[in-house]
Visitor: 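First the structure, which I've put down as structure tokens, then a few questions once you've had a look.
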Amino acid sequence: MSPENRYDNDRPEWIPYARQSIDESDIQAVVQALRSNYVTQGPRIRWFEDALKELTGARHAIAVSSGTAALHLSCLCLDVTDGFSGIVPANTFVATANCLRFSGAKAIFADVDSQSGLAQAEHFNSAIEGSVKNGIKPKALLPVSYSGSCPDLEGIRKLADEHDMRVIHDASHSIGASYLSSDRSAHRSGSCAHADVAVFSFHPVKPICSGEGGALLTNDQAVAKRARALRSHGVERSEETVTKIGPWGYDQVELGLNYRMTELQAALGYSQLGKLDEFVQKRLALARRYNDFLSQAEFKKVFERPLLDERSSWHLYVIRFQESSLRDKAYHFLKERDIGTQVHYIPLYRHSYYEGGNHEELPGSESFYKACLSLPMYPALEEKDQDRTIEALKLFCERVTA
Ligand SMILES: *Cc1c(COP(=O)(O)O)cnc(C)c1O
């Protein structure tokens, strides 16, 4: 392969902003799945789902082919479909809003806190008030655990209950994280203590990886049953169908999809899940180390570091620049030094697809977007590479403040 078309991640000097951590035991787990009698619809899906239930405390876990698939099924199972709408933070990945559109529902955007990038109950409340003024009563709120920190899910649940709305927690960033409720008790992200449904993603940049993959978690038996059917063409197999039709019996009860996860993905996900705590601890240690170094005055003149949320899964480590032009320059400056960074996220209303849906600019989201930059953060990030990133940032700050 010529050097021109090598992928960045194949260059030894390149530090990506995120990447998977796969070891020999993960590889062996996938090889065993390949050698087994099932490459899809076998026992590993159950192992993985049971482990996800144990981790979160949620009563039901349904593994699917991606986080996006889990979000889509969430909307279908809660009937957030044609003629309805849901509220999504403007600062998220497009999939959070797209799931509403797949189901025929409308996406309404909530502003976010300009410091944390999170949409809290107050932001959802403003979005509800705005929609009601326009004659629309949203059916669901979709809080997002941006960067790995959970928003105030208890407050958001309360707001949803006041308005008879459903809650879909997009926990794609926050498997392994937890949050406190007002009585100081701790809840695992994905537990659905304050949500009808929670969703994880196992994309390689997320806390654990299954290649592609996702999961839907819920405490609602009916939602779980429906999600299981919809994941596999809307087909149900029960004692009833067997009695009625015969031992080969199955019945398509509604229009479903093929959103199944393979045994290869489940094997990898299950193996990775055993390392989740270790991964999150490594991320937290890196976040502490960044925060210690970046507290020095020379950095603070140029950017702010994030608050150290000890309960976050630290999917992203996001700094905020005083000026948008400096953020843009820093991105290029670091890239020239083989350090990958990313902007999370371009507010949803800025995308061509969502333009013209009378989505106004939201001030918190705009200012967060213009300031934010995600620095390299993943369990296998070595201290020497973190040091190289910090040194490069130091040089950048010296140059722009000289
Ligand atoms: C990654 C991500 C998704 C989508 O997950 P996929 O597994 O890539 O489909 C949805 N929402 C958020 C916030 C994400 O970061």
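Note that ligands are numbered from 1 as they come in the structure, with each ligand's atoms numbered from 1 the same way.
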Visitor: Throw together a table of side-chain donor-acceptor distances under 3.5 angstrom for residues 117-127, partners on residues two or more places apart or in other chains.
Guide:
unit_1 : atom_1 : unit_2 : atom_2 : d
Gln120 : OE1    : Asp152 : N      : 2.8
His123 : ND1    : Gln120 : N      : 2.9
Ser126 : OG     : Glu122 : O      : 3.1

Visitor: Taking distance alone, no hydrogens or angles, what donor-acceptor pairs closer than 3.5 Å link side-chain atoms of residues 30-47 to residues at least two apart or in another chain?
Guide:
unit_1 : atom_1 : unit_2 : atom_2 : d
Ser36  : OG     : Ala33  : O      : 2.8
Ser36  : OG     : Tyr38  : N      : 3.2
Ser36  : OG     : Tyr38  : O      : 3.0

Visitor: How about CD1 on Ile346, more than 12 heavy atoms from neighbouring residues, nucleotides or ligands closer than 6.0 Å, or not?
Guide: no
Visitor: Check ligand 1 against the protein and report each N/O to N/O distance under 3.5 Å, formatted as atom name, atom name, distance.
Guide:
unit_1   : atom_1 : unit_2 : atom_2 : d
ligand 1 : 5 (O)  : Ser201 : OG     : 3.3
ligand 1 : 7 (O)  : Gly67  : N      : 2.8
ligand 1 : 7 (O)  : Ser201 : OG     : 2.7
ligand 1 : 9 (O)  : Gly67  : N      : 3.4
ligand 1 : 9 (O)  : Thr68  : N      : 2.9
ligand 1 : 9 (O)  : Thr68  : OG1    : 2.5
ligand 1 : 11 (N) : Asp170 : OD2    : 2.8
ligand 1 : 11 (N) : Ser172 : OG     : 3.4
ligand 1 : 15 (O) : His173 : NE2    : 2.7
ligand 1 : 15 (O) : Lys206 : NZ     : 2.9
ligand 1 : 15 (O) : Tyr345 : OH     : 3.3

Visitor: According to side chain to side chain donor-acceptor pair (under 3.5 Å), does anything in residues 364-373 pair up with another residue at least two apart or in another chain? List the pairs.
Guide: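 Only Asp111-Ser365, Tyr349-Glu366, Arg350-Glu366, Glu366-Lys370 qualify under side chain to side chain donor-acceptor pair (under 3.5 Å).
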Visitor: Run the ring-centre check on Phe202 versus Phe48 and record whether the distance is less than 6.0 Å.
Guide: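 Between Phe202 and Phe48, the centre distance is under 6.0 Å.
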Visitor: Is the terminal nitrogen or CZ of Arg11 (NZ for Lys, CZ for Arg) located under 6.0 angstrom from the six-membered ring centre of Tyr7 and within 45° of that ring's axis?
Guide: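 So Arg11 doesn't make the cation-pi contact.
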